[in-house]
Amino acid sequence: MSDDSSSARPDVELRLPADGAYASVLRTTAAGLAARLDFTMDDIEDLRIAIGEASAMVLPDADPESDLTCVFFLEPRRMTIEVVVDSAEPPEPDLDSFAWQVLSTLATEAEVLTDGGRLRVRLTMESSLAGAGL
C-alpha cells in the first residue's frame, strides 16, 4: 500500500448516517476485520476505543443529513482506517482534546486532515504480533 492511502482503493468501505448512534456498528466492523488480521483481543479492544475516539472527533462537525464514511486498508497484522465526514467548515484539529490524546496513544500512526470540505481522521493500528514473526 502506498503512503497516501486516500488515493488507493480501500479493501472495505462502510457508509453510515453521521450520527453517534451508529458508532457501535463502526466499532464492531473494525473489530471483526482486526480479528481476521490476527490482532490479539487487547489489540482489538484498543482498536474499538480508537475508532470510537476518531468518530467522536469528526461527528460534531458533520454537515446535517450527511454520511460518515469509514474505509479500511488491510495488510497482514496491520490496518489503516479513515473516518470521514463532509463538513462545510472543517475546524482546525484540536490536538489537545481528550479524544486526540487517546487516539494518538493507541494508534501506531494518526493524523487529522481537512481537505475539500471533508474532515478526515486517519489512523493505523498494528497487531502486537506484527513483529513476533508468527
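- When all heavy atoms of Ala21 and Ser24 are compared, the pair lying nearest together is O-OG, 4.1 Å.
- The two residues Ala62 and Ala18 make their nearest non-hydrogen contact at CB-CB, 3.8 Å.
- In summary, the side chains of Asp63 and Ser87 do not present any donor paired with an acceptor at a separation below 3.5 Å, with no hydrogens or angles considered.
- Checking Leu47, Leu74, Thr29 one by one against Ile81, the side chain to side chain contact (heavy atoms under 4.5 Å, CB included) holds for a single residue, Leu47.
- In this structure, Ser55 and Pro60 approach most closely via the heavy-atom pair O-CD, 4.4 Å.
- Side-chain contact between Arg9 and Phe73: absent, with no pair of heavy atoms (C-beta onward) separated by less than 4.5 Å.
- For the atom pair CD (Gln101) and CD (Glu53), the distance works out to 11.0 Å, reported to the nearest 0.5 Å.
- Follow the hydrophobic side-chain contacts under 4.5 Å out from Val12 and you reach Tyr22 in the same cluster.
- Rounded to the nearest 0.5 angstrom, Phe72 CZ and Leu33 CG are separated by 5.5 Å.
- One distance of note links CD of Glu75 with OG of Ser127; it measures 13.0 Å at 0.5 Å rounding.
- The heavy-atom pair separating Pro91 from Thr114 by the smallest distance is O-CG2, 3.5 Å.
- With values rounded to the nearest 0.5 angstrom, Asp43 atom CG is found 6.5 Å from Leu129 atom CG.
- Remark: the Thr124 side chain and the Thr108 side chain contain no N/O donor-acceptor pair separated by less than 3.5 Å.
- Closest heavy-atom contact between Ala107 and Met125: CA-SD, 3.4 Å.
- One finds the OG1 atom of Thr69 at 10.5 Å from the CD atom of Glu82 (value rounded to the nearest 0.5 Å).
- With hydrophobic clusters built from ILVMFWY side chains whose heavy atoms lie under 4.5 angstrom apart, Leu113 does not share a cluster with Leu95.
- Under the 4.5 Å side-chain heavy-atom criterion for Ile, Leu, Val, Met, Phe, Trp and Tyr, Met57 and Leu16 are members of the same hydrophobic cluster.
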(request) For Arg77 and Leu37, run side-chain contact (heavy atoms from CB on, under 4.5 Å): C-alpha distance rounded to whole Å, both residues' side-chain angles, the deciding distance at 0.1 Å, then the answer. (result) CA-CA 5 Å; Arg77 297 188 176 141; Leu37 297 174; 5.7 Å; no
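- Checked for salt-bridge contact, Glu109 and Arg78 meet the test: a charged N lies under 4.0 Å from a carboxylate O.
- The hydrophobic clustering, which links ILVMFWY residues whose side-chain heavy atoms are closer than 4.5 Å, places Val112 and Val85 together.
- Going from atom CG of Asp115 over to atom CZ of Arg118 covers 8.0 Å, rounded to the nearest 0.5 Å.
- A side chain to side chain contact (heavy atoms under 4.5 Å, CB included) with Leu68 holds for exactly one of Val58, Asp86, Val84, Asp19; it is Val58.
- Linking ILVMFWY side-chain heavy atoms closer than 4.5 Å, directly or via other members, places Leu123 and Leu106 in two distinct hydrophobic clusters.
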